[in-house]
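The structure appears right after this line, and notes come after that.
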Amino acid sequence: MRTPDLSAAGDVEQKRAQSLSDDYVQRFGRQPQGIWVAPGRVNLIGEHTDYNDGLVMPFALPHSAMVAAASSTTDRVRVHSVNLGQTVEVPLRGLAPGSVTGWAAYPAAVVWSLGQAGYSVGGADLVLESTVPQGAGLSSSAALECAVAVALTELFGHAVDPLELAEIAQHAENAYVGMPCGVMDQMVSMLGKKNHVVQFDVRARRATLVPFRAQDAAILVVDTQAPHRLVDGEYAARRQQCKAAAHALGVSSLRELQDAGPRLPELLGSLDDVVLRRRARHVATENQRVVAVAEALARGNLRSVGEHMNASHASLREDYEVTVEETELAQQVLADGGAYGARITGAGFGGCVIGLVPEPEAERLAQELGRAFAEAGFRRPSAFTAVPAQGACRVR
Ligand code: ADP
Ligand code: MG
């Protein structure tokens, strides 16, 4: 892992770490050897592009999973979750997908995946505490995986490149937990940087930090509380449709459409199936929007960033068909109410909407959202503002 980055941890983080350390001593009767942290994330733009070899632009949230850890002489990794008040034991021997279930599958998956990559670990005791809301689409799972991964690799003396570690954590979630996610969440949890978004090119495996010159703006993250309908099945269907569209176009992935330039409409028109045509158009235009947002951010042009966010949302509604009534309403209230722009973020079918908003307007917009949702008879949404925070690091 990287050199311990003590400067990245602020006062709040140090207080959290102290309390976690106290918990650790009470529970295991000794001091932890170290404390590590890894954040959840929000994707600014670049949706449903990661599994198409494309471009994404997430940033790390101030919400994170924190892990206190020390090695032990046993043949198991014990993990206590402060959030759940539960301790689980992951045996080091005989570990295989399916052998551990429930939330224990996440730490077990990381231990297994590290071993698969040649970074074996020994017995250890971990205490985990997370401020990332679970199941809200802010990637509490990647935060947990990455925090456990950085803790275990450092504890057992493995120097692993952060991007490789992200891929190990992704493999853990794909192959062990059984969730076919792309690498975006783990990548940004590992590589995120304060006041930067991370433009990641999946095809090239290349991360570029783009300064988020926000002036007085922040991202308002709105959890619409819409029940996740159909999300697993529809997500799998979208992946399948993209594969089918790429196959019909004779390209290895829809990412290749990015270089089509003015030939794009003609290429898309050659797809007979209108659904595949729409899916392909979303992916092609969304990759273009990521590049455009990087340029707009570099110029500090928040209006332009907002316009691309609105266009992304329209594309996710019309072409990718992953919005629901709640996410439509949230986007509309934000876009019409003074945000630079707003869009659904994450896989869709519920989940979160983000707005790029002037910070002084955030509170008013959150209240307007509450009113509009009450009028529509929807559950009360929850909202918070965030600017990009630090990725995985050692706190002490
Ligand atoms: P998301 O990643 O969007 O939050 P997921 O369903 O992918 O949603 O991951 C949530 C799951 O991750 C939880 O159901 C739980 O199993 C596990 N998890 C996340 N945070 C914790 C935690 N602090 N303690 C125990 N398990 C956790
Ligand atoms: Mg997840």
Side-chain angles (χ1 to χ4, degrees), residues 16 19-20 23-24 27 35-43 47-48 50-51 56 58 60-69 77-90 100-111 113 126-149 151 166 169-190 192 221-236 322 327 344-354 382 384 386 392:
R16 245 179 105 195
S19 141
L20 191 63
D23 250 38
Y24 194 96
R27 188 158 299 279
I35 296 185
W36 293 264
V37 72
R41 64 94 189 94
V42 144
N43 192 19
E47 215 66 73
H48 288 282
D50 64 345
Y51 54 83
V56 295
L61 285 174
H63 306 63
S64 60
M66 193 176 266
V67 165
V77 174
R78 273 194 294 186
V79 189
H80 177 79
S81 165
V82 173
N83 303 88
L84 301 183
Q86 291 173 9
T87 308
V88 295
E89 297 204 351
V90 176
V100 178
T101 56
W103 73 270
Y106 292 89
V110 172
V111 171
S113 187
L126 276 57
V127 176
L128 155 79
E129 180 265 329
S130 179
T131 54
V132 188
Q134 290 177 38
L138 303 175
S139 219
S140 68
S141 57
L144 185 169
E145 290 152 9
C146 291
V148 170
Q170 180 207 7
H171 185 59
E173 186 149 347
N174 290 168
Y176 195 107
V177 178
M179 174 67 195
C181 57
V183 74
M184 167 168 72
D185 301 358
Q186 292 83 3
M187 181 283 301
V188 67
S189 186
M190 290 300 307
V221 182
V222 182
D223 181 353
T224 64
Q225 308 282 341
H228 274 274
R229 309 168 190 111
L230 311 166
V231 64
D232 290 349
E234 291 289 344
Y235 180 78
V322 295
T327 54
I344 188 172
T345 184
F349 302 101
C352 291
V353 168
I354 53 170
S382 64
F384 62 87

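Values in this document were obtained by computation on a predicted structure and should not be read as measured data. Each ligand, and each atom within it, is numbered from 1 in the order the structure gives. Residue numbers run from 1 in the order of the sequence given.
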Please state whether the separation between the Mg ion (ligand 2) and some N/O/S atom of Ser141 is under 2.8 Å?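 Yes, within the cut-off.
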Strictly distance-based, threshold 3.5 Å: is any side-chain N or O of Asp185 a donor or acceptor partner for the main-chain N or O of Gly40? no
Short side-chain to backbone donor-acceptor contact, Glu47 and Gly346, under 3.5 Å: yes
I want to know if ligand 1 touches [X] in the polar sense, i.e. an N/O pair below 3.5 angstrom.
| X | value |
| --- | --- |
| Gly135 | yes |
| Trp103 | no |
| Ser141 | yes |

Numbering the atoms of ligand 1 from 1, which are under 4.0 Å from a heavy atom of [X]?
| X | answer |
| --- | --- |
| Ser130 | 23 (N) |
| Leu144 | 18 (N), 19 (C), 20 (N), 21 (C), 26 (N), 27 (C) |
| Asn83 | 23 (N) |

[atom]: nearest protein contact (heavy atom, Å):
| atom | result |
| --- | --- |
| atom 24 (N) of ligand 1 | Ser81 OG, 2.8 Å |
| atom 6 (O) of ligand 1 | Tyr106 OH, 4.2 Å |
| atom 3 (O) of ligand 1 | Gly137 N, 3.2 Å |

Nearest non-hydrogen partners of [X] and [Y], listed with the distance:
| X | Y | value |
| --- | --- | --- |
| Gln134 | Ser140 | CA-OG, 3.6 Å |
| Leu61 | Pro39 | O-CB, 3.3 Å |
| Tyr24 | Ala69 | OH-C, 3.9 Å |
| Glu145 | Ala169 | OE1-O, 3.6 Å |

Which of these, [options], has its nearest heavy atom closest to [atom]?
| atom | options | result |
| --- | --- | --- |
| atom 25 (C) of ligand 1 | Leu84, Leu138, Val177 | Leu84 |
| atom 19 (C) of ligand 1 | Gly102, Gly85, Ser140 | Ser140 |
| atom 14 (O) of ligand 1 | Glu173, Met179, Gln134, Arg41 | Gln134 |

Would you kindly specify which portion of Leu128 sits under 4.0 Å from ligand 1, judged on non-hydrogen atoms: side chain, backbone, both or neither?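 The side chain, only.
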Under-4.0 Å heavy-atom contact with ligand 1, by part of Ala143 that carries it: neither
Roughly how far, to the nearest 0.5 Å, is the CZ atom of Arg41 from the OG atom of Ser189?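 These two atoms lie 10.0 Å from each other.
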Contact between ligand 1 and Pro133 is defined here as a heavy atom of the residue under 4.0 Å from a ligand atom; is it met?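 Pro133 counts as a contact of ligand 1 under the 4.0 Å cut-off.
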Evaluate the side-chain proximity of Met184 to Ser139: yes if any heavy-atom separation is below 4.5 Å, no if none is.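 Not touching, per the 4.5 Å side-chain cut-off.
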Side chains of Ser130 and Leu144: does their closest heavy-atom pair fall under 4.5 Å?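 No, their side chains stay 4.5 Å or more apart.
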Steps toward side chain to side chain contact (heavy atoms under 4.5 Å, CB included) verdict (Tyr106, Ser141): CA-CA 7 Å; Tyr106 292 89; Ser141 57; 3.5 Å; yes
